[in-house]
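All remarks here apply to the structure that follows.
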Protein chains: 2
Amino acid sequence: MAKVDTSLVAHLPLFGGVKPEDLDEILREARSARYPKNSTIFEQGADAQSFFLLLHGHVRAAKTTPTGEQIVVRYVSPGETFGLAMAIGAARYPATAMAVDDSVVLIWPTSAWPRLIERFPALAANTLQTVGTRLQESHTRILEISTQQVEQRVAHALLRLAKQSGKKVDHGIEIDFPISRQDIAQMTGTTLHTVSRILSGWEQQGLVESGRQRIILRDPHRIVVLAERTVDSGPA
Amino acid sequence: MAKVDTSLVAHLPLFGGVKPEDLDEILREARSARYPKNSTIFEQGADAQSFFLLLHGHVRAAKTTPTGEQIVVRYVSPGETFGLAMAIGAARYPATAMAVDDSVVLIWPTSAWPRLIERFPALAANTLQTVGTRLQESHTRILEISTQQVEQRVAHALLRLAKQSGKKVDHGIEIDFPISRQDIAQMTGTTLHTVSRILSGWEQQGLVESGRQRIILRDPHRIVVLAERTVDSGPA
DNA sequence: CCGGTTGTTTGCGATAGCGCAAAACGGGCC
DNA sequence: GGCCCGTTTTGCGCTATCGCAAACAACCGG
């Protein structure tokens, strides 16, 4: 099995307060794997046999209703954990994880978790911190869906994606993984049609440039303004 | 200061895996306080100086936008913790907590948390579990707001309230704390007007009986049906 | 280089739910 | 017992957004 260099992961929040030699021990329990673009890492409802740390690539976590509709729970960036079902005492994954880019992950067996946190309590504290942060973000998202119009929500979503995974390009910021209108719709609680209309509009105003699964923010500042705009009318 | 009997709280999830004598030590760091109905326990944005365990009563956690709109994040029931800002490494409370009933809480200073989890790692593990569960519930809520119609969402909200804080009464289940249409609107991402219309309709069909800040589910079973109903039309 | 597949754009109704306004209601307080 | 205030109800027009359908466009594999 490929050995993972501790120096590559030592700085991650997950391992804060863990001594280097302990880190080595933790990593010895993991294996690494590569998931090609568009492959499924685990499926909602499946036995939660493992938990993951993303090293390279991007992973989309999505939740599906009984009737087949989905929402994107989040996009996972390198350095983040996902599939932490055991942290909440769940035996099954509450969402589906799919690689949106060729991705590399570290995989621990779920069964190792209790022992790991007992030996290295910092792991539990760190995980609590990240899960807590996600909870707060989740509440913010509920607040937005509940109180803002679609256009503002899409603006917020793009700004967040740009912050999280934006790559500077010539004149603007590009979201550096493939993302469709449908995906954005599923992040903002709307339909791909509405997202398409909004982006078309923005494109005409020079706010963004976009194409097939590709979005570049050309004028982030004005998008921020849009995101914060109150419901009342624009320029009379 | 009133001494808290360990036997009253020993069974709570928060203290799972904590030895009785340790529990005693943990409780010694807390003080208890009583908040009368409608009093504010802490305000969004305030310094997170304490975290709380609810012993009696009910607490509403709500988040407010810059423009003054709010959502109800959750209702806290006895035995649950709240105000865990430190768990996510936040210096300020992300929401406002208000007692909806006369309530009694245990209060620990935020500063005690790091020491507590170091000495009693089970606390971190237990808290991780509850925060993780809340995160999942939060995702479920996003899924509902994004994919269901208002009526279904209200149905789900009432069923959850009934499960969490329902009191059996003559013919039905009563939500055993004061809750207004506005509150329900803020839980489901709609307006008090719409909630009022829906409840009026349900009342006529004998599904619920309600009044000023009071709701009784008369026919939970049919409400479940409503909650699960797909968007398509009702009886042709 | 071509055909198929997947993602995007856009037009055009249809409508669920909002927002405003006003009236009715209920309960506690003096 | 009567008044005042917060809550609830309800009517009515409005519109943001959906939903469907159809035409495009871009990429992929052969």
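In what follows, chains are A, B, ... by sequence order, proteins preceding strands, each numbered from 1. What you are looking at is a predicted structure, and each value in this text was computed from that prediction instead of being measured.
Rounded to whole Å, the distance from CD on B:Gln152 to C1' on C:dG17 is 14 Å. Summarising the geometry, the separation between CD on B:Gln186 and P on C:dC18 is reported as 13 Å, rounded to the nearest angstrom. Here the P atom of nucleotide D:dT8 and the CH2 atom of B:Trp202 are 15 Å apart, to the nearest Å. Rounded to an integer number of Å, the gap from CD of A:Glu209 to P of C:dT9 is 12 Å. With rounding to whole Å, A:Lys37 atom NZ is found 14 Å from C:dT6 atom P. Rounded to whole Å, the distance from CG on A:Leu192 to C1' on C:dT9 is 10 Å. Straight-line distance from the CG atom of B:Asn38 to the P atom of D:dG6: 12 Å, rounded to whole Å. Whole-Å rounding puts the B:Arg181 CZ to D:dT10 C1' distance at 13 Å.
Side-chain atoms of A:Arg229 never come within 3.5 Å of backbone atoms of A:Gln152 as a donor-acceptor pair (strictly under, hydrogens ignored). Here the side chain of A:Thr110 pairs a donor or acceptor atom with the backbone of A:Ala48 at under 3.5 angstrom. The backbone N or O of A:Ala99 lies less than 3.5 Å from no partner atom in the side chain of A:Ser103, so there is not a single donor-acceptor pair. Looking at A:Thr140, its side chain does come within 3.5 Å of a backbone N or O of A:Gln136 through a donor-acceptor pair.
The closest side-chain donor-acceptor pair between B:Gln164 and B:Ser77 falls under 3.5 angstrom. A donor atom on one side chain and an acceptor atom on the other are not found under 3.5 Å apart for A:Thr133 and A:Thr130.
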query = Going 5' to 3' along nucleotides 20-30 of chain D, which nucleotides have protein heavy atoms under 4.0 Å from the base (write B), which only from the sugar-phosphate (write S), and which from neither (write -)?
reply = BB----BS---
Taking only N/O atoms, report every protein-nucleotides 14-17 of chain D pair under 3.5 Å with atom names and distance.
unit_1: D:dT17; atom_1: OP1; unit_2: A:Val150; atom_2: N; d: 2.9

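Considering only heavy atoms from C-beta on, B:Arg74 comes within 4.5 Å of B:Glu80 through its side chain.
Here the rule is side chain to side chain donor-acceptor pair (under 3.5 Å) with A:Gln148, and of A:Arg153, A:Glu228, A:His156 only A:His156 fits it.
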task = Could you check A:Arg181 against A:Leu199 for side-chain contact (heavy atoms from CB on, under 4.5 Å), going step by step and ending with a plain yes or no?
result = CA-CA 9 Å; A:Arg181 316 286 141 131; A:Leu199 290 186; 3.4 Å; yes
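The shortest distance between the side-chain N/O atoms of A:Ser200 and the OP1/OP2 oxygens of C:dT10 is below 4.0 Å.
Contacts of B:Ser196 with the nucleic acid, taken as non-hydrogen atoms under 4.0 Å apart, include base atoms.
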